[in-house]
Protein chains: 2
Amino acid sequence: MTTLTTPGGGPLYLQVRKLLTQRISGGAWPPGHLIPSELRLARELGVSQGTVRKAVDDLVGNNVLVRQQGKGTFVAVHDTRRALFHFFPMVGDDGQRVLPNSRVLSCRRLPAKQSEARALDLPAGARVIRIERTRDLNNRPTIVESIVLPAASFPELGKSRSERLPNTLYELYEERYGITIHRAEEQLRAVAASAKVAKLLGIEPGAPLLEITRLARTLDGTPVELRISRCLTRAHHYQSNFV
Amino acid sequence: MTTLTTPGGGPLYLQVRKLLTQRISGGAWPPGHLIPSELRLARELGVSQGTVRKAVDDLVGNNVLVRQQGKGTFVAVHDTRRALFHFFPMVGDDGQRVLPNSRVLSCRRLPAKQSEARALDLPAGARVIRIERTRDLNNRPTIVESIVLPAASFPELGKSRSERLPNTLYELYEERYGITIHRAEEQLRAVAASAKVAKLLGIEPGAPLLEITRLARTLDGTPVELRISRCLTRAHHYQSNFV
DNA sequence: GAGTGGTCTAGACCACGCT
DNA sequence: GCGTGGTCTAGACCACTCT
């Protein structure tokens, strides 16, 4: 039994939200899991249904939980559609979202560069996995990506040379390693294509590319992926909406 | 007295939210206005305080209203800090937000191009105001902007040649024309600097620039500003966070 | 029909700002 | 001390899903 202090630890609903968050990020309730009903939780925790509801509302707003009327409340899952919708902001100039196809160029385990260790909050020289790949949009090579992961969190990944990696890595992280990407910070810049990248994209060196540096984190804020994407924006663009 | 139908027009709190939205976007409650207390509204509309609260919660979540405990609930204002925080995603590479300084190059009233008319939802050939300016970040010219507005909505703007325009146009729109920008859609691309833009930024033609095409809308969705910004991203970047 | 989330009510007490 | 929003409760009825 978990104790909720009456006024001590701040508002009750925040304590409830914290408890739910812990059960989710701790793995007790994996993605897709049906959590107890609001009434059950309320009775279990000795609070009213309204208080549980407010906590759940919050987590639904943060895409951590999903409600389904008549069925119950579930831990959010990164299915392909959702992952694309949420974490792939490249859109065709006609407004169409397109499914990218990936080709992995290399996948190695090696020591982290200093900047990578800093970004991923790892000790200097810790081992990382570095994946290089290109992604096609509408059957044309459009993105060159470099992805860096802490090796310790992804035990088998990249050890076998013949390993096939799926298009949407976030599903892989979730299904095989129990790591759910929950939020990300991106920095965007315009850069000139290097000779190597230009060759991969079939363009002239020096051509302008959109460079996206993304740091992805789990629900509890741990950084788990550093990704640098260089994107050709001749027929596609990065879409960003805000209020 | 406004009538709220009991089950006819959907959930009560949505009807309340719609009503509040109308009073705000209709100008009855301008930015900064203290709206009636939840209890007053509840009595006025014949619903419970909880229902009003839920409607207000929604609008607070959308940055339309701002609550202040002990004082009341206010219509959100575009002060300089908020405008910057919300609508200016360029950040120094050290993470610092910097206040941009603007220099207006030209400000003319002329017929809309076809693409502009389409984006702004205007009849073909309608008159627009076109503002060209540069913006400095850390005292270095960094952004070249072209801003297009429907001339009919901004009666005096750009008619006097000596007019001074403030750094944050959205404050001007709000204070002088009662037009509050509420949300925006942005498309980002990497482009090569034209000769003209390169000269303004003091860089070589062909250098990569981040091009941001923004369409800004009011609360009710009317498009009111089309803005194309070309940004030097050598010491700054576009920051985008998402969950 | 039983169980779930979705909406709505009425009322309580607390924390805060003002005067 | 009064009015405001902030939290919390207890209970009602509805809409939906499943069996």
Side-chain angles (χ1 to χ4, degrees), chain A residues 2-21 23-24 29 31-77, chain B residues 2-21 23-24 29 31-77:
Chain A
T2 319
T3 57
L4 301 185
T5 62
T6 311
L12 269 181
Y13 77 92
L14 287 181
Q15 298 180 47
V16 174
R17 191 185 70 168
K18 189 171 176 185
L19 192 148
L20 299 180
T21 305
R23 291 196 187 169
I24 295 165
W29 292 342
H33 184 79
L34 171 65
I35 76 170
S37 77
E38 294 174 354
L39 213 49
R40 273 181 189 286
L41 283 169
R43 284 200 278 254
E44 179 196 341
L45 304 175
V47 301
S48 78
Q49 186 187 355
T51 300
V52 173
R53 170 162 284 270
K54 188 156 183 179
V56 172
D57 276 345
D58 239 49
L59 294 175
V60 169
N62 282 318
N63 299 313
V64 176
L65 295 175
V66 177
R67 287 195 221 265
Q68 290 192 50
Q69 185 172 119
K71 296 176 73 173
T73 303
F74 300 81
V75 179
V77 180
Chain B
T2 320
T3 58
L4 301 185
T5 63
T6 312
L12 269 180
Y13 77 91
L14 287 180
Q15 299 180 47
V16 174
R17 192 185 68 169
K18 189 172 176 185
L19 191 148
L20 299 180
T21 305
R23 292 197 186 168
I24 295 166
W29 293 341
H33 184 79
L34 171 65
I35 77 170
S37 77
E38 294 173 355
L39 213 49
R40 274 181 189 284
L41 283 169
R43 284 200 278 255
E44 178 196 342
L45 304 174
V47 300
S48 78
Q49 187 186 356
T51 300
V52 172
R53 171 163 284 271
K54 187 156 183 178
V56 171
D57 276 345
D58 239 50
L59 294 175
V60 169
N62 283 318
N63 300 312
V64 176
L65 295 175
V66 177
R67 288 194 218 266
Q68 290 193 50
Q69 186 174 118
K71 296 177 75 174
T73 301
F74 300 81
V75 179
V77 180

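Basis for what follows: all heavy atoms, side chains included, without hydrogens, waters or symmetry-related copies. Every chain is numbered from 1 and lettered A, B, ... according to where its sequence line falls, protein lines coming before strand lines.
For dG6(D), the OP1/OP2 oxygens have a side-chain nitrogen or oxygen of Arg53(B) closer than 4.0 Å. Look at Ser37(A) and you won't find any side-chain N or O under 4.0 angstrom from OP1 or OP2 of dG3(C). Listed pair Lys71(A) / dC18(D) meets the phosphate criterion, a side-chain N or O lying under 4.0 Å from OP1 or OP2. Distances shorter than 4.0 Å separate none of the side-chain N or O atoms of Thr51(A) from OP1 or OP2 on dT7(D). For the pair Ser48(A) and dA10(D), the criterion of a side-chain N or O lying under 4.0 Å from OP1 or OP2 is not met.
Atom CZ in Arg67(B) sits about 15 Å away from atom C1' in dG3(D), given to the nearest Å. If you measure from atom NZ of Lys54(A) to atom C1' of dT7(D), you get 6 Å, rounded to the nearest angstrom. To the nearest angstrom, C1' of dT9(D) lies 13 Å from CG of Leu39(A). Counting to the nearest Å, the C1' atom of dG6(C) and the CG atom of Leu14(B) are 11 Å from each other. A straight line from CG of Leu41(A) to C1' of dT4(C) spans 13 Å, rounded to a whole angstrom. Rounding to whole angstrom units, OH of residue Tyr13(B) and P of dT9(C) are separated by 13 Å. If you take CG of Asp57(B) and P of dT7(C), they are 13 Å apart, rounded to a whole angstrom. Rounded to an integer number of Å, the gap from Arg17(A) CZ to dC8(D) P is 12 Å.
Closest to the Leu12(B) side chain, of the nucleotides dG6(C), dT4(C), dC8(C), is dC8(C).
A heavy-atom distance below 4.5 Å is found between the side chains of Val75(B) and Leu65(B). Thr21(A) has its side chain within reach of Leu59(A): a pair of non-hydrogen atoms, C-beta onward, lies under 4.5 Å apart. Two residues are said to be in side-chain contact when any heavy atoms from C-beta on lie closer than 4.5 Å; Ile35(A) and Ile24(A) fail this criterion.
With values rounded to the nearest 0.5 angstrom, Arg53(A) atom CZ is found 12.0 Å from Leu41(A) atom CG. The CG atom of Leu14(A) lies 11.0 Å from the OG1 atom of Thr51(A); values are rounded to the nearest 0.5 Å.
Within the nucleic acid shown, Glu38(A) comes within 4.0 Å of sugar-phosphate atoms alone, with no base atom in reach, counting heavy atoms only.
Where Gln49(A) and Gly70(A) meet DNA chain D, the nucleotide closest to each residue was compared, and Gln49(A) sits on the side nearer the 5' end.
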